[in-house]
Structure formats: structure tokens, C-alpha cells
Protein chains: 2
Amino acid sequence: MTPARKRVTLRDVAARAEVSVAQASFALNGRGRVAPATIERVRRAAAELDYQADSRARRLRTGERSAYGVIIRNMRNPFFLDVLRGMEVRAHRQGAFLIILSSDYDVEREGAALRRLGTEGVGGVAIAPIGRHGPLTEWLPRHPDIPVVAFNCTSDPSVGRVSTVGPDDGVAITLALEHLRVRGHRGATLVMAPEGLAADWGREEEFYRRCAEWGLAGTVVRCPLDHAGVARMATERMGAGTGHEAFVVNSDYLGAAVYDAARALDLRVGRDVSVIAHDDLPTSALLAPGLTTLRLDRESLGDHVMRLLSEPGEPETVRLPVRLVDRGSVARLDG
Amino acid sequence: MTPARKRVTLRDVAARAEVSVAQASFALNGRGRVAPATIERVRRAAAELDYQADSRARRLRTGERSAYGVIIRNMRNPFFLDVLRGMEVRAHRQGAFLIILSSDYDVEREGAALRRLGTEGVGGVAIAPIGRHGPLTEWLPRHPDIPVVAFNCTSDPSVGRVSTVGPDDGVAITLALEHLRVRGHRGATLVMAPEGLAADWGREEEFYRRCAEWGLAGTVVRCPLDHAGVARMATERMGAGTGHEAFVVNSDYLGAAVYDAARALDLRVGRDVSVIAHDDLPTSALLAPGLTTLRLDRESLGDHVMRLLSEPGEPETVRLPVRLVDRGSVARLDG
DNA sequence: CCCCTCTGGTGAATCGTTTCATCAAGAAGT
DNA sequence: ACTTCTTGATGAAACGATTCACCAGAGGGG
């Protein structure tokens, strides 16, 4: 039945321990010269009053930044959850926490999120950008003291100070095309975000290079990277009847969209149409047939991102290992 | 090539516009009496200097709280992503943002997360608690002014001021058992978190009540609610060979674990074993057979949570509608 | 006896905002 | 001409912490 007390402040603690506010602060933080007896007294007073330092005030004074901003593209993609988890684990160890915003593949919102984080006194920003030369290019020079790490995108050399963490796209594309080639495929279709949004520019380049090298007919199609967008795109292409199509998509999440499209057209994945996805989400093994996918340790990705944010130094480009998990969503075309 | 400037403060803006700091603040916030000409001058100065108010300082002064804390149980469950998205959408409209922490089904971490949010000057806390009488019971009276909404758990009448949002468990259980009954099942197995952790106590009660009413043999098993835990539990029970087993689990995510276990034992879901899950995640339609599941609008859940946080009033219990999506993971036992 | 060091402690400045109380000066009312 | 209002503006006090600069006194050495 205690009446709704006001917030208990350091002043209250000091009063109760009969010392100055300064001494109380020192005692609790173990900074200045404080007699052991005093420390004890302050500690007890703090405990009795259930004192908790207001971290807004603390940070205002110290300039310390214990919040990190994360801007992800899509709150519905399980991929990001694991990345967040990796980040969160490390952040937790450091007593930091994450502010999570979603750009929803919208340049406006990406810009708004960046601005917000700028005023928030954040210790660093991790961003999965939705395109090159987006709002980030403007934002960066205005916040020269905030470390930035971009993940899941190829590094944009035009913005010097950002580190990059992502799958090794070169290896990924090579693995995928190799997998198709040895199964007798003569071509492949790489699914990417629409022109202005594509952040993984290097992937396309590598794709064409490998296709040329191995004599495959490489096609790049662009469509909105959500379930509906990919499903529609896949339906159109399969309906066009240009022969067997092998899709390489960005995420298992989108691989599932191809399954949907195939089912609607009465085609069978792994026989009439082939899919190679990225990510290896937990449910992908349970699809029928299982989804062949490029596996990446997502938590480790998050861990790297957080490491780069909290120990800033020279910009770094981390390419994480990728391996192909074959589950049968790619047809054998050579009998 | 501008040298790394110091942070631009309101004082700088005021100086440049040749007014007092107070007047500058008023001009930008449209509060006091300011001559139109002055407003214009201050605005321009702010724009030229690219001034952004430091929100830590602002909030320290105003006591305004534009951050909301979310404590989820498991960063790997896609369920929470949609909830977060629902929250984020509404938060974004209000200019607020989310601080996301994960309890990882660990009471210690749950407590730590709560304490952290307490010092963070957060405007409200949304929590998916991992058990009754957890750290929340201690925390609540210490922070009488912070609204709290619990989601995905049955309301605990012992803590008066928290609102609750979740699926209508009564309807959910009824739908599930009805589905089993009309397919000739004589029993059902409800999978729940271990004793100390179960936060959805009402579900169990309802389960027993319905089973009794319809003459079903109801069993409650408890195991860690992650993929491995459920897979192990399911393997054990199916291996015991006590006849056909029909599992009712908390989440599609865990339903998939039963599929795994069944496959390992060479049993077929929908024939040798039955599963009803909750959530209807996007991939569940693609399993073979499709997962029969209880659908809930997760974004709307998040929206409700955020609404209750930002417009606090009398504690409220929101039960969201649930409907059963039949995809064939329940066997027909009566031929 | 004087000077110096060391310990424990304090008042006040500071971080960047918002906002209260006050004020000057001109307009308006009587 | 004297009061009263209104407008535009200002200095300073918050918010709640950290920390700098200073101080009293005890003890030690010469």
C-alpha cells in the first residue's frame, strides 16, 4: 500500500546515507576516494531505497552510448531474427541493447530510421541497406563519430567508413551454379530486387561471370522480394513455358514462394522446376521436396556485426563461409 | 573535407540566429510567443547547421518516454517477428521505437531485462513472460508508473495492473479437440513448457475440462519448448508405442519438430501420428503433409499490445480470435 | 614549529534540453 | 497622463547523473 512514490534519485540515496551527492556517486561507481565505511553505508542506502541510476541522465553526462541501432529490411523474414539474436547475445554481454527499426524496403523509411538513430545518441548503427546510394550516403558525413556496419550487402566503395559483413557471394554463386551444372542444367535465373533497391550488386556480377565461364544461359529477373512478388514472378516465367527454369533466390522464405507458384501450376519442384535458395531456415528441410539451400551461420553474422560496431577500427569486409545443403529441389536433367 | 565537427547544439543555433537559447527552443517547438520573423530565422539557422535535438537531453528534461521495451521469449521464433512488426508499425506512427530484449526462457535473463528497462526510462514494457510469479511480480510494484502488457500468456490475477493480449485459449483448445474428436481420436497430448515456466496456465485447465466433457484421454507433457526439446519428447512418446498420439503444440515452429521426430522413426504425420499447432507460419502450408494449425493474426496482436501500452487505462484482457486451418496433419482414425 | 602529503569529503559545473518567472516596451483603454 | 494588456524576448532553474577543483584535517619529516 505504499503510495506511488516518485522516482528515487541519487540525491535521496545521498541524503539517507548522510553524504554528499558526489560522494554517493563515487561510492556506487567506485571512482573517487571513498572510505570503505562510507561505501558500505551508501550501498545499503541504495539497496534499501531500491535505487537505480537513470541511464538517460548518466549517458547525457558521460556521452557513453550503450544503445545500438539496427535497421533491417523486413520484419517478417526469419533470417533477420537469427542475426538479431547473434547481435543481442554480444550486446547483452556488454550491457548494451538494441533499438530495432524496419525499413520495409522503403527508402523513405530507411532515411527516417537513420535520422532517428542520429538523434538518439546511439553507439553504432547496423543496417541492411535496401539499395546503393540510399539515404546512408547523405547520413554518413553528418554523423562522423557513429560507427556503421552494413550487413547482407556488397560493400559500396563510395562510402569509405562502413564495414561490411555478409555471405561470401562469390562462393555462394559458384556453389549454386556448380550444383546446377553437374545436374545437366543449361541455364539459371537469378532473382534480385528491383534496380534501385538491389544492395547486392556483386552477386549479379559474379553470376554473369560464372555463367559465361561455364557456358550457362544466365538471366537476371527483378521483382519485389516478398512472398507475393516472387510468387507472381515465378508464375509468369513458368507459365511462359520456355523450358526448365532454375531459380536462384535470396532466401528460403522466397524459395517457398516458388513452391507455391509451382503447386498452383501443377508443376513439381525438383522435377519440372528447380530452386536454390539462401539461408537454410529450420522449416526448409520439411518442405516436399526439401529445399536445396546455401547455408550461412546467421548468428555468427550478427556476432560479427556487433563486434565491428563495438570495437571500431579500420573498416573491414567480412565474408562468411557458405555451404550448399542439397535436399532435392534441383532437378537432374541429364537422366 | 569538413573537420569532424562537434555535435551541433541548440546553443549554436541560437547564437547563429542571434536569439536566446530559450527563444530558439520555443521557435523550433512552436511553444512560447515568438515573432514569425524570429521563427523563420531560427529555422534557417537550424537547417544550415543541420541541427538535430539530442533526444536523450530532451527526454531527461520533459520526462517524455518514447521508447518501449519488449521482452520476448525466443529470438528464433518467427512468431515474435510478426508481433514485433505489429508493434513497430504503431510505434512508428507515434514516433516511438522499440527496445528488444530476449529472455531465452531464462528467469535470470528475464529479470535482468526488466531491471534494464526500468533504468532506461521506457514508456512501457511488453513482455511474453516465461512463467507465473516470475521476476515481474517483484518488478511491478517498484515501477508503478510504467504500463505493462503481457502477451501470449493467460492473465495472472495476482498482478492487477497488467493488461493481457493473447489468443483466445478457450476457443483454441476447443477447436483443436473438436477437430480430433470428429476424426475419431480418443485422446490428445498437450505439450507445455516445464512446470515453473508455463505462462499459459489457463490453456491446461481448459484442455482438461474439454477432454472430460468429450470423454477424451487428455495428457499434458512438459518439455523445453524449443526444437530439440520437443523433438526429443515426441521421439520418446512415439517410441513408447502407446498407440496413436495426437500432439497439440504451442507453435508451428514446434510442430515442425514433431515432423522431424516422426520422420526419424519412419512414421507419417497425418497417418501414424497427428499434430495440431498454433500460429500458421508461412512455411507451414508447404510441409508434407501441410500442418493443421490454429491461426492467429499476429500483427494485430502486436498492434493491440502497443495500443494498450501507449494509451494506458484500466487493465484490459484482449482475447484474439483464432481459427483452425486444416491441412491434413491430423489422421482420420475412424476410417 | 613549519611545510608537505595523503585521505576523505564537498560544492558547483556540466551534459543539452525545456520551461518558469520576469521584463521591456509599445499599444490600448479610461 | 496613468494604468493595464499584449507581444516578444530573456536569464536561470530544472531534469539526474558524473566529475573537476578545492578544502579540512591528520600524520610525517625536517
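Just so you know, these numbers come straight off a predicted model, no measurement behind them. Per chain, numbering begins at 1; letters A, B, ... match sequence-line order.
A donor-acceptor contact shorter than 3.5 Å links the side chain of B/Asp12 to the backbone of B/Thr9.
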Identify each atom pair where a protein N or O and an N or O of nucleotides 17-21 of chain D are less than 3.5 Å apart, giving names and distance.
unit_1	atom_1	unit_2	atom_2	d
D/dA17	OP1	A/Tyr51	OH	2.9
D/dA17	OP1	A/Asp54	N	3.0
D/dA17	OP2	A/Thr9	OG1	2.7
D/dA17	OP2	A/Leu10	N	2.4
D/dA17	O5'	A/Tyr51	OH	3.3
D/dT18	OP1	A/Asn29	ND2	3.1
D/dT18	OP1	A/Arg58	NH1	3.0
D/dT18	OP2	A/Ser25	OG	2.8
D/dT18	OP2	A/Asn29	ND2	3.3
D/dT18	O2	A/Arg61	NH1	2.4

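When rounded to the nearest whole Å, the span between CG of B/Leu60 and C1' of C/dC15 equals 9 Å. In this structure, CZ of B/Arg33 is placed 19 Å from P of C/dA25, rounded to the nearest angstrom. Rounded to a whole Å, the CZ atom of A/Arg56 is 14 Å from the C1' atom of C/dT18. The separation between B/Leu28 atom CG and C/dT18 atom P is 8 Å, rounded to whole Å.
Enclosure of atom CD in B/Glu138 is not indicated, since only 12 or fewer non-hydrogen atoms of other residues, nucleotides or ligands lie within 6.0 angstrom. Heavy-atom contacts from other residues, nucleotides or ligands closer than 6.0 Å to CZ of A/Arg43 number 12 or fewer.
Side-chain atoms of A/Glu88 and B/Ser102 include no donor-acceptor pair closer than 3.5 Å.
To the nearest 0.5 Å, the span separating CG on B/Asn152 from CD1 on B/Ile72 amounts to 11.0 Å.
Salt bridge absent: B/Arg116 and B/Glu120 never bring a charged side-chain N and a carboxylate O closer than 4.0 Å.
Within the nucleic acid shown, B/Thr38 comes within 4.0 Å of sugar-phosphate atoms alone, with no base atom in reach, counting heavy atoms only.
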